[in-house]
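Values below: every heavy atom of this structure, side chains too, minus hydrogens, waters and symmetry copies.
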Amino acid sequence: MKRPSLLLMTAAASALAVVANAATLAAPDAQDKAPKTRLGSSIEQDLNARDAEAARRKRALDLREQAAKAAEARLQADMQARQQQAATVSGAPAAGPAEAPEAQFDELARIYQAMKPKAAAVVFEQLDMEVQMKVAQRMRERSTAMILAAMTPKGAAALSMALARKSARVAAVAAPAPAATPGAGSRAKR
(Lines give C-alpha, C1' and ligand atoms only; values in the text may rest on other atoms or scores of the structure.)
Protein backbone atom coordinates (compact mmCIF):
# COMPACT_ATOMS: atom_id res chain seq x y z
CA MET A 1 0.00 0.00 0.00
CA LYS A 2 0.97 3.32 -0.88
CA ARG A 3 1.05 6.12 1.63
CA PRO A 4 -1.10 9.17 1.01
CA SER A 5 0.79 12.22 -0.05
CA LEU A 6 1.35 15.13 2.21
CA LEU A 7 -0.67 17.40 -0.03
CA LEU A 8 -3.63 15.09 0.14
CA MET A 9 -3.44 14.94 3.93
CA THR A 10 -3.25 18.74 4.19
CA ALA A 11 -6.28 19.09 1.95
CA ALA A 12 -8.24 16.60 4.06
CA ALA A 13 -7.29 18.42 7.29
CA SER A 14 -8.39 21.77 5.78
CA ALA A 15 -11.68 20.27 4.70
CA LEU A 16 -12.33 18.93 8.19
CA ALA A 17 -11.48 22.33 9.71
CA VAL A 18 -13.91 24.08 7.36
CA VAL A 19 -16.67 21.60 8.24
CA ALA A 20 -15.97 22.03 11.97
CA ASN A 21 -16.03 25.84 11.73
CA ALA A 22 -19.26 25.74 9.75
CA ALA A 23 -20.85 23.49 12.35
CA THR A 24 -19.75 25.82 15.12
CA LEU A 25 -21.13 28.89 13.35
CA ALA A 26 -24.37 27.15 12.46
CA ALA A 27 -25.08 26.20 16.08
CA PRO A 28 -24.53 29.28 18.28
CA ASP A 29 -27.35 28.10 20.54
CA ALA A 30 -25.10 25.43 21.92
CA GLN A 31 -22.93 28.11 23.52
CA ASP A 32 -26.00 29.98 24.91
CA LYS A 33 -27.34 26.81 26.51
CA ALA A 34 -24.20 26.38 28.51
CA PRO A 35 -24.87 26.86 32.22
CA LYS A 36 -24.25 30.43 33.35
CA THR A 37 -22.23 31.33 36.34
CA ARG A 38 -23.55 33.52 39.15
CA LEU A 39 -21.27 36.31 37.97
CA GLY A 40 -22.62 36.03 34.42
CA SER A 41 -26.21 36.06 35.67
CA SER A 42 -25.53 39.04 37.90
CA ILE A 43 -23.94 41.00 35.07
CA GLU A 44 -26.83 40.18 32.76
CA GLN A 45 -29.38 41.31 35.39
CA ASP A 46 -27.47 44.53 35.99
CA LEU A 47 -27.36 45.24 32.25
CA ASN A 48 -31.10 44.57 31.93
CA ALA A 49 -31.87 46.82 34.92
CA ARG A 50 -29.66 49.57 33.49
CA ASP A 51 -31.37 49.31 30.11
CA ALA A 52 -34.82 49.45 31.73
CA GLU A 53 -33.85 52.50 33.81
CA ALA A 54 -32.46 54.23 30.72
CA ALA A 55 -35.72 53.54 28.88
CA ARG A 56 -37.74 55.00 31.82
CA ARG A 57 -35.56 58.11 31.90
CA LYS A 58 -35.92 58.53 28.15
CA ARG A 59 -39.72 58.30 28.44
CA ALA A 60 -39.72 60.83 31.29
CA LEU A 61 -37.55 63.22 29.30
CA ASP A 62 -39.81 62.84 26.28
CA LEU A 63 -42.86 63.62 28.41
CA ARG A 64 -41.13 66.66 29.92
CA GLU A 65 -40.16 67.88 26.48
CA GLN A 66 -43.75 67.50 25.27
CA ALA A 67 -45.07 69.32 28.34
CA ALA A 68 -42.56 72.13 27.87
CA LYS A 69 -43.52 72.50 24.21
CA ALA A 70 -47.22 72.56 25.11
CA ALA A 71 -46.62 75.17 27.83
CA GLU A 72 -44.56 77.25 25.45
CA ALA A 73 -47.34 77.10 22.87
CA ARG A 74 -49.93 78.14 25.49
CA LEU A 75 -47.75 81.03 26.64
CA GLN A 76 -47.19 82.12 23.07
CA ALA A 77 -50.94 82.03 22.35
CA ASP A 78 -51.66 83.91 25.59
CA MET A 79 -49.06 86.54 24.75
CA GLN A 80 -50.52 87.00 21.27
CA ALA A 81 -54.03 87.30 22.71
CA ARG A 82 -52.84 89.93 25.19
CA GLN A 83 -51.06 91.85 22.45
CA GLN A 84 -54.22 91.80 20.35
CA GLN A 85 -56.26 92.88 23.35
CA ALA A 86 -53.81 95.70 24.06
CA ALA A 87 -54.02 96.76 20.43
CA THR A 88 -57.82 96.87 20.56
CA VAL A 89 -57.79 98.75 23.88
CA SER A 90 -55.29 101.32 22.58
CA GLY A 91 -57.43 101.75 19.47
CA ALA A 92 -60.59 102.21 21.56
CA PRO A 93 -61.99 105.63 22.46
CA ALA A 94 -60.63 107.56 25.45
CA ALA A 95 -63.39 106.18 27.73
CA GLY A 96 -61.97 102.64 27.47
CA PRO A 97 -58.85 103.03 29.64
CA ALA A 98 -60.82 105.03 32.24
CA GLU A 99 -63.20 102.09 32.68
CA ALA A 100 -60.44 99.55 33.32
CA PRO A 101 -59.51 100.75 36.85
CA GLU A 102 -63.20 101.00 37.79
CA ALA A 103 -63.81 97.48 36.51
CA GLN A 104 -60.98 96.35 38.76
CA PHE A 105 -62.87 97.59 41.84
CA ASP A 106 -66.06 95.92 40.61
CA GLU A 107 -64.17 92.63 40.38
CA LEU A 108 -62.74 93.09 43.88
CA ALA A 109 -66.24 93.81 45.21
CA ARG A 110 -67.53 90.56 43.71
CA ILE A 111 -64.61 88.66 45.21
CA TYR A 112 -65.11 90.06 48.72
CA GLN A 113 -68.87 89.45 48.54
CA ALA A 114 -68.21 85.81 47.70
CA MET A 115 -65.84 85.35 50.66
CA LYS A 116 -66.93 84.58 54.20
CA PRO A 117 -67.24 87.91 56.07
CA LYS A 118 -64.71 86.99 58.75
CA ALA A 119 -62.04 86.03 56.19
CA ALA A 120 -62.84 89.02 53.99
CA ALA A 121 -62.57 91.39 56.97
CA VAL A 122 -59.04 90.27 57.79
CA VAL A 123 -57.87 90.97 54.26
CA PHE A 124 -60.06 94.04 53.81
CA GLU A 125 -58.42 95.83 56.74
CA GLN A 126 -55.01 95.44 55.11
CA LEU A 127 -56.08 97.41 52.04
CA ASP A 128 -55.48 101.10 51.53
CA MET A 129 -58.41 103.23 52.78
CA GLU A 130 -59.14 104.57 49.29
CA VAL A 131 -59.35 101.01 47.93
CA GLN A 132 -61.53 99.95 50.88
CA MET A 133 -63.94 102.79 50.14
CA LYS A 134 -64.17 102.13 46.40
CA VAL A 135 -64.72 98.40 46.95
CA ALA A 136 -67.23 98.92 49.77
CA GLN A 137 -69.26 101.37 47.63
CA ARG A 138 -69.59 98.72 44.91
CA MET A 139 -70.64 95.93 47.29
CA ARG A 140 -74.17 95.10 48.38
CA GLU A 141 -75.09 96.79 51.64
CA ARG A 142 -75.62 93.49 53.44
CA SER A 143 -72.19 92.18 52.42
CA THR A 144 -70.53 95.44 53.46
CA ALA A 145 -72.34 95.34 56.81
CA MET A 146 -71.27 91.75 57.49
CA ILE A 147 -67.64 92.56 56.67
CA LEU A 148 -67.74 95.70 58.83
CA ALA A 149 -69.12 93.62 61.70
CA ALA A 150 -66.23 91.17 61.39
CA MET A 151 -63.57 93.92 61.24
CA THR A 152 -61.79 95.28 64.29
CA PRO A 153 -63.63 98.23 65.86
CA LYS A 154 -60.85 100.63 64.84
CA GLY A 155 -60.86 99.44 61.22
CA ALA A 156 -64.65 99.43 60.97
CA ALA A 157 -64.83 102.96 62.42
CA ALA A 158 -62.19 104.28 60.04
CA LEU A 159 -63.96 102.82 57.01
CA SER A 160 -67.36 104.05 58.22
CA MET A 161 -66.00 107.58 58.71
CA ALA A 162 -64.37 107.56 55.28
CA LEU A 163 -67.59 106.36 53.66
CA ALA A 164 -69.59 109.03 55.54
CA ARG A 165 -67.21 111.79 54.42
CA LYS A 166 -67.39 110.55 50.84
CA SER A 167 -71.20 110.46 50.82
CA ALA A 168 -71.30 113.93 52.45
CA ARG A 169 -69.06 115.30 49.69
CA VAL A 170 -71.22 113.64 47.03
CA ALA A 171 -74.37 115.09 48.61
CA ALA A 172 -72.81 118.56 48.82
CA VAL A 173 -71.86 118.49 45.15
CA ALA A 174 -75.22 117.06 44.05
CA ALA A 175 -77.35 119.61 45.95
CA PRO A 176 -75.81 123.11 45.84
CA ALA A 177 -76.66 125.42 48.73
CA PRO A 178 -79.82 127.49 48.07
CA ALA A 179 -79.08 131.11 47.22
CA ALA A 180 -80.12 133.61 49.87
CA THR A 181 -83.12 135.66 48.81
CA PRO A 182 -83.01 139.41 49.53
CA GLY A 183 -86.12 139.27 51.70
CA ALA A 184 -84.84 136.42 53.82
CA GLY A 185 -81.73 138.31 54.88
CA SER A 186 -83.68 141.38 56.00
CA ARG A 187 -86.04 139.25 58.10
CA ALA A 188 -83.17 137.66 59.93
CA LYS A 189 -81.87 141.10 61.01
CA ARG A 190 -85.16 142.12 62.60
With sequence neighbours excluded, what pairs up with Arg110 under the salt bridge (Lys or Arg N to Asp or Glu O under 4.0 Å) test?
-> Glu107
What residues, two or more places apart in sequence or in another chain, satisfy side-chain contact (heavy atoms from CB on, under 4.5 Å) together with Leu7?
-> Ser5
Can you give the donor-acceptor pairs under 3.5 Å from side chains of residues 49-56 to other protein atoms, not counting sequence neighbours?
unit_1: Glu53; atom_1: OE1; unit_2: Arg56; atom_2: NE; d: 3.3
unit_1: Glu53; atom_1: OE1; unit_2: Arg56; atom_2: NH2; d: 2.7

Name all pairs fulfilling the side-chain hydrogen bond (donor to acceptor under 3.5 Å, both in side chains) condition that reach into residues 139-161, sequence neighbours left out, sorted by first residue then second.
-> Glu125-Thr152
Those residues that, when tested against Glu65, pass side-chain contact (heavy atoms from CB on, under 4.5 Å) (two or more places apart) = Asp62, Lys69
Residues clustered with Leu39, ILVMFWY side-chain links under 4.5 angstrom | Ile43, Leu47
Hits for side-chain contact (heavy atoms from CB on, under 4.5 Å) against Arg82, two or more places apart or cross-chain, chain-then-number order -> Asp78
Shortest non-hydrogen separation from Ile147 to Met139 and the atoms involved | CD1-CE, 3.3 Å
With ILVMFWY side chains joined below 4.5 Å, transitively, what does Leu61's cluster contain besides itself?
-> none
Test side-chain hydrogen bond (donor to acceptor under 3.5 Å, both in side chains) applied to Gln137 - qualifying residues, sequence neighbours left out = none
Residue set satisfying salt bridge (Lys or Arg N to Asp or Glu O under 4.0 Å) with Asp46, at least two apart, ordered chain then number -> none
Among all residues two or more places apart in sequence or in another chain, which pass the side-chain contact (heavy atoms from CB on, under 4.5 Å) test with Leu127?
-> Tyr112, Phe124, Val131, Gln132
